Amino acid sequence: MKDVEMKMKERAKQLLESGEVARVVGWKKGDFCYDPSPATFETVEELDNFVYDYFCGANLSKYLIQISKKEGKTAVFLKPCDTYSFNQLVKEHRINRENVYVIAVECMAKFDIEKIKEKGVSQITGVEVKDKDVKVSSLYGETTLYKPEILLTKCETCQKTHQVKDEEIILHERPERDVDRFAEVKKLEAMTEDERFAFWKEQLSKCIRCNACRNVCPACSCVKCVFDNPASGVAAKANDSEFEEKLFHVIRAFHVAGRCTDCGECSRVCPQHIPLHLLNRKFIKDIDGLYGEFQAGEEAEGKTPLTSYTEGDAEPNDVLNGEAK
Amino acid sequence: MQEVTTEKKEFTPNIVAFCCNWCSYAGADLAGSSRLTYPANVKIIRVPCSCRVNPMFVLKAFQQGADGVILCGCHPGDCHYVTGNYYTRRRMALLFSFLNYMGIEKERTRVEWVSAAEGARFSAVMNDFVKTVTELGENKRLTDLRVKEGE
Ligand code: SF4
Ligand code: SF4
């Protein structure tokens, strides 16, 4: 991964020096080795803090809504999953495509610091990866963890490939992954209504309505949101009414249905560890089954399942009773 | 056993029916003028097209105390605005399936196509839906999905 980072940094330097782009969007070092954050680099000096490693899970696409409106070209590093969000945003006329130079970068799956901590490792100072072994060094020594167990949930089942690229930096071949991303959804579907209700009640009761899932989501980019209270002076925090607070999750998931690229950012950022991807994936699974396979973000144009129809679509009552063909 | 049956008989559900102005609403009218009956606890909300029904309307109805929500529109192919009900069909298929996934009883939500000429069908559909929801009992789940145990 270090070699990839070097290449990226070098390329960013070239682009900035030559004036081809006015800024580069990537990740910069955080306070700890495991919390790099999305950042814009405008000068070569700023690139000293540039980083690309196993903790760069953040999706940079949504930042481009604002940044692509600025003067001058912007170069951005996109992982495979990020390119779907990028396409979806171009499709929704949120990103100015002409103003963006996309550099596709390889992704060998990213780590979830919470999962590492759950293994009892804390005060982490660095990680080193050899195949499926991850050597984690901390203030207390070294521990070897099994890579598949510490991946971000979104990376566990990721099969995505770059959908957009103006150029690429790919040095290694990606390991195969063949986990069924709908496995958990199917498990829930097989439960009784009562069990499902209990499951979701338990999960959603943890929600503190921090709005992180909404704010990070590339499919959630409306200027005005039904969950905002226009009378509240504070943007994007207070609820419009008690009702919207309660059914937030149903509405949020429905709102992104057919547009959610399954980038997994919502589950990644949720401080309460609510498996929000299980909500989105239910819609994706239903759409695939009823209206034909559809992957949002694969194309930068065309209709989505909810903005199109066929005359022979399944009847809602049949779908509910499991009788839809 | 005996007790349960009596209890269920006493329960009168609140039913919200979203009816398209061009067909089902007129169908309800026809049912009335043909002296066909349907339960008085069906509250009809007239909409210009079934596709006017935002998923939030359905959720709001439940949150405000509905025990069942039914959407009625023109038969596919007969939409006054040509294609509105095709969108409704996809939307509601996904929404209702999703609600069921969250544990909401599938009998509480329904979509039926009723034309302006189908007064008898309107009455039959409503009677059947009210009967189903009455048997099911009160909606407790879709008022607040986030309520904690014991609260
Ligand atoms: S990120 Fe998690 S806690 Fe925050 S609003 Fe979303 S679901 Fe709730
Ligand atoms: S709902 Fe979650 S997975 Fe879907 S696009 Fe938004 S952040 Fe990504």
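Keep in mind that the numbers below use all heavy atoms, side chains included, and drop hydrogens, waters and symmetry copies. Just so it is clear: chains get the letters A, B, ... in the order the sequence lines come, proteins before strands, and each one is counted from 1. Computed from a predicted model, the values in this text were never measured in an experiment.
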- Flag the pair A:Tyr309 / B:Thr83 as yes when at least one side-chain heavy-atom distance between them is below 4.5 Å, and no otherwise. yes
- So how far is it from A:Phe254 CZ to B:Leu95 CG, rounded to the nearest 0.5 Å? 5.5 Å
- Message: Using 0.5 Å steps for rounding, measure from the CZ atom of B:Phe98 to the NZ atom of A:Lys282.
- Response: 9.0 Å
- Item | Nearest-0.5 Å distance, CZ of residue A:Phe197 to CG of residue B:Leu142 | 8.5 Å
- Message: The criterion is side chain to side chain contact (heavy atoms under 4.5 Å, CB included); which residues satisfy it with B:Val130, sequence neighbours excluded?
- Response: B:Pro13, B:Ile15, B:Pro39, B:Asn41, B:Val42, B:Thr134
- Of all of A:Gly258, A:Ala253, A:Pro305, which one pairs up most often with chain B through heavy atoms under 4.5 Å apart? A:Pro305
- Item | Criterion side-chain contact (heavy atoms from CB on, under 4.5 Å) on B:Tyr86 and A:Thr310, from CA distance to verdict | CA-CA 7 Å; B:Tyr86 285 126; A:Thr310 65; over 6 Å; no
- Message: Tell me whether the count of non-hydrogen atoms from other residues, nucleotides or ligands lying under 6.0 Å of CZ in A:Arg196 goes above 12.
- Response: yes
- Message: As an exercise, state the distance from CG of A:Asn321 to CG of B:Asn100, rounded to the nearest 0.5 Å.
- Response: 9.0 Å
- Task: Measure distances from B:Thr88 to the heavy atoms of chain A and classify the residue's part below 4.5 Å as side chain, backbone, both or neither.
- Result: neither
Distance-only donor-acceptor hits, side chain of residues 290-297 of chain A, under 3.5 Å, sequence neighbours excluded:
unit_1: A:Gln295; atom_1: NE2; unit_2: A:Thr261; atom_2: O; d: 3.2

- Query: Tell me, side chain or backbone of A:Ala198 under 4.5 Å from chain B's heavy atoms, or both, or neither?
  - Reply: neither
- Message: I'd like to check B:Arg110 versus A:Pro316 (side-chain heavy atoms, cut-off strictly below 4.5 Å). Are they in contact?
- Response: no
- Contact residues of residues 182-193 of chain A (partner chain B; heavy-atom separation under 4.5 angstrom): A:Val185, A:Leu188, A:Glu189, A:Glu193
- Test A:Leu278 against B:Tyr101 for side-chain contact (heavy atoms from CB on, under 4.5 Å), laying out the working first. CA-CA 10 Å; A:Leu278 297 183; B:Tyr101 177 71; 3.8 Å; yes
- Mark yes when over 12 heavy atoms from residues, nucleotides or ligands other than A:Gln272 sit less than 6.0 Å from its CD; otherwise mark no. yes
- Message: If I compare all heavy atoms of B:Ser97 with all of A:Val319, which pair ends up nearest, and what's the gap?
- Response: CB-CG1, 4.0 Å
- Item | Residues from residues 83-94 of chain A approaching chain B under 4.5 Å (heavy atoms) | none
- Note on the structure: Bottom line for A:Asp194: the part with an atom under 4.5 Å from chain B's heavy atoms is both
- Note on the structure: Rounded to the nearest 0.5 Å, the CD atom of B:Gln63 sits from the CG atom of A:Leu247 at a distance of 6.0 Å
- Item | NZ/B:Lys131: more than 12 non-hydrogen atoms of other groups inside 6.0 Å | no
- Message: Just verifying a value: how many Å separate A:Ile284 CD1 and B:Leu94 CG, rounded to the nearest 0.5 Å?
- Response: 11.5 Å
- Message: Would you say CD of A:Glu114 has more than 12 non-hydrogen atoms from neighbouring residues, nucleotides or ligands within 6.0 angstrom?
- Response: yes
- Query: Any sub-3.5 Å donor-acceptor pair from B:Arg90's side-chain atoms to A:Thr307's backbone N or O?
  - Reply: no
- Do A:Leu279 and B:Met102 touch side chain to side chain, with heavy atoms closer than 4.5 Å? yes
- Message: Any side-chain to backbone donor/acceptor pair from A:Asn317 onto B:Val111? Under 3.5 Å, distance only.
- Response: yes
